[in-house]
Amino acid sequence: MYKLIIKKIQKAAISNVISKATAVFIIVLGLILALSVLNLNEALASLLTGAGIAGAVVGLALQGTLSNTLSGIILSFKSKIGIGDWIETNGYSGEVMDINLKEVTLKSVDNHTVIIPNKMIIENPLKNLSLTNNMRVFINCGVAYDSNLEKVENLTKNTIRTTVEQIDSKKDIEFYYTEFGASSINFVCRFWILGGSILDRKKAKSIAIKNIKKVFSEENISIPFPITTIHLKQPGFAKTTISKL
């Protein structure tokens with residue numbers, strides 16, 4: 001059984017547990033059959049009763065551990081997650097460094113180690129960014145109200161097209177104006193990149209932001225910050241107030 005399992009699951013700890021559990025099951029089954037053939041019904045009944053009580057006690061005592069162990073076995077058979085994948089789950093994201101019988105170990109962007117119990121991985125949503133090489137990047141920005149919106153859109157698209165590597169030229173860059181903001185007309189720009197981790201997305205987004213800012217500055221397109229405009233009805237009010245201050 002171990003030789004068969006190790007071909008499917010290349011993790012010695014999990015393969016050992018499954019093979020030992022199989023061996024125990026075969027031995028217990030053989031013992032029950034032997035007692036049945038020998039007509040030792042009373043001994044068989046006592047054995048089954050004792051095994052049931054012992055199993056219930058052990059199950060209650062090791063409920064959390066057994067849950068994590070079974071979850072670890074399930075994760076090992078899943079093709080949706082593996083060593084080296086970049087995942088997001090339970091509020092954490094990082095590269096999968098290890099999957100064992102108790103927990104999954106992640107290495108986050110800031111080089112910290114995050115250990116998550118297997119049960120939490122099974123019971124909660126999981127996003128695996130390594131299952132596809134296609135990643136979408138979102139850029140949110142705003143321009144001044146007196147800007148030429150057609151020009152802003154063309155400059156943004158051309159800048160991203162020439163500075164960020166995209167996975168497919170057929171997939172055009174998406175650009176939409178989203179709202180009239182308090183100080184600016186806001187837009188969102190979406191594009192695809194080649195990448196399988198959150199680092200690839202951050203790098204592409206950083207390159208896009210730097211180049212968009214550079215082009216906007218060269219073309220005298222303002223990216224305003226939030227401001228508050230006060231309208232004074234009395235002509236001399238502002239001058240009198242400022243002099244008092």
Side-chain angles (χ1 to χ4, degrees), residues 85-95 106-112 114 125-245:
D85 289 350
W86 194 281
I87 67 171
E88 294 180 1
T89 182
N90 292 279
Y92 300 97
S93 64
E95 182 183 358
L106 302 182
K107 185 178 181 181
S108 62
V109 180
D110 52 6
N111 205 34
H112 290 169
V114 181
L126 181 145
K127 181 190 290 185
N128 192 335
L129 302 178
S130 299
L131 292 181
T132 176
N133 290 329
N134 301 11
M135 297 188 68
R136 176 168 274 184
V137 181
F138 293 78
I139 302 291
N140 294 282
C141 188
V143 293
Y145 272 86
D146 59 354
S147 302
N148 185 329
L149 299 186
E150 295 278 348
K151 183 178 180 180
V152 169
E153 179 177 353
N154 292 332
L155 285 174
T156 303
K157 286 184 175 181
N158 290 333
T159 300
I160 293 175
R161 187 175 292 111
T162 55
T163 59
V164 181
E165 181 181 357
Q166 291 182 249
I167 63 170
D168 190 352
S169 58
K170 296 180 181 179
K171 293 185 177 181
D172 197 13
I173 300 170
E174 298 181 17
F175 183 100
Y176 305 103
Y177 286 105
T178 56
E179 63 177 350
F180 292 99
S183 307
S184 61
I185 298 178
N186 299 325
F187 67 82
V188 60
C189 186
R190 303 184 297 191
F191 57 94
W192 294 90
I193 63 167
L194 249 179
S197 73
I198 195 171
L199 289 176
D200 296 323
R201 180 185 293 168
K202 288 182 177 293
K203 290 177 181 178
K205 188 171 184 177
S206 177
I207 292 172
I209 289 175
K210 287 190 294 185
N211 286 282
I212 290 173
K213 174 62 172 63
K214 180 181 179 182
V215 171
F216 281 7
S217 297
E218 293 173 352
E219 298 293 332
N220 295 320
I221 297 175
S222 175
I223 303 177
F225 51 86
I227 60 174
T228 302
T229 303
I230 301 176
H231 297 278
L232 303 174
K233 293 184 178 180
Q234 300 178 7
F237 179 79
K239 185 175 181 181
T240 305
T241 305
I242 291 173
S243 62
K244 288 183 179 180
L245 293 175

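Everything quoted here is computed from the prediction, not taken from an experiment. Positions are given from 1 along the sequence.
Evaluation of the salt bridge (Lys or Arg N to Asp or Glu O under 4.0 Å) test over residues 129-144, restricted to residues two or more places apart or in two chains, returns Arg136-Glu174.
At least one donor-acceptor pair under 3.5 Å links the side chain of Thr89 to the backbone N or O of Pro125.
Every residue two or more places apart in sequence or in another chain that forms a side-chain hydrogen bond (donor to acceptor under 3.5 Å, both in side chains) with Lys107 is listed here: Asn111. Contacts of Glu153 classified as side-chain hydrogen bond (donor to acceptor under 3.5 Å, both in side chains), with partners at least two apart in sequence or in another chain: Lys157. With sequence neighbours excluded, no residue satisfies salt bridge (Lys or Arg N to Asp or Glu O under 4.0 Å) with Lys202. Every residue was checked against the side-chain hydrogen bond (donor to acceptor under 3.5 Å, both in side chains) condition with Glu88, not counting sequence neighbours, and none meets it. Under the rule for a side-chain hydrogen bond (donor to acceptor under 3.5 Å, both in side chains), Ser147 has no partner lying at least two apart in sequence or in another chain.
Phe175 CZ: more than 12 foreign heavy atoms inside a 6.0 Å radius. Within a 6.0 Å sphere centred on CD of Glu218, other residues, nucleotides and ligands contribute more than 12 heavy atoms.
Taking CG of Leu155 as the start and CD1 of Ile221 as the end, the distance is 5.0 Å to the nearest 0.5 Å. Rounding to the nearest 0.5 Å gives a distance of 11.0 Å between OG1 of Thr156 and CZ of Arg161. With rounding to the nearest 0.5 Å, the separation of CE in Met135 from CH2 in Trp86 is 9.5 Å. To the nearest 0.5 Å, atoms CG (Asn140) and CZ (Arg190) are separated by 10.0 Å. Atom CG of Leu106 and atom CG of Asp85 lie 10.5 Å apart (nearest 0.5 Å). One distance of note links OG of Ser93 with CG of Leu199; it measures 9.0 Å at 0.5 Å rounding.
Using cut-offs of 30° and 60° for the angle between ring planes, the Tyr145 and Phe180 rings count as parallel.
Considering every non-hydrogen atom in both Ile193 and Asp200, the closest pair reads CD1-O, 3.5 Å. Contact detail for Pro224 and Ser183: the closest heavy-atom pair is CG-O, 3.2 Å. Summarising the geometry of Ala208 relative to Ile139, their closest heavy-atom pair is CB-CD1, 4.1 Å, with the distance given to 0.1 Å. The minimum heavy-atom distance between Asn186 and Gly142, with the atom names listed, is OD1-CA, 3.5 Å.
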List the steps and the verdict of side-chain contact (heavy atoms from CB on, under 4.5 Å) for Thr159 and Phe216.
-> CA-CA 10 Å; Thr159 300; Phe216 281 7; over 6 Å; no
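Taking the side chain as every heavy atom from C-beta outward, Phe187 and Leu149 never approach each other to under 4.5 Å. Residues Ile212 and Ile160 meet the side-chain proximity criterion, which asks for heavy atoms closer than 4.5 Å.
Checked by atom type, the side-chain pair Lys210/Ser206 shows no donor-acceptor distance below 3.5 Å.
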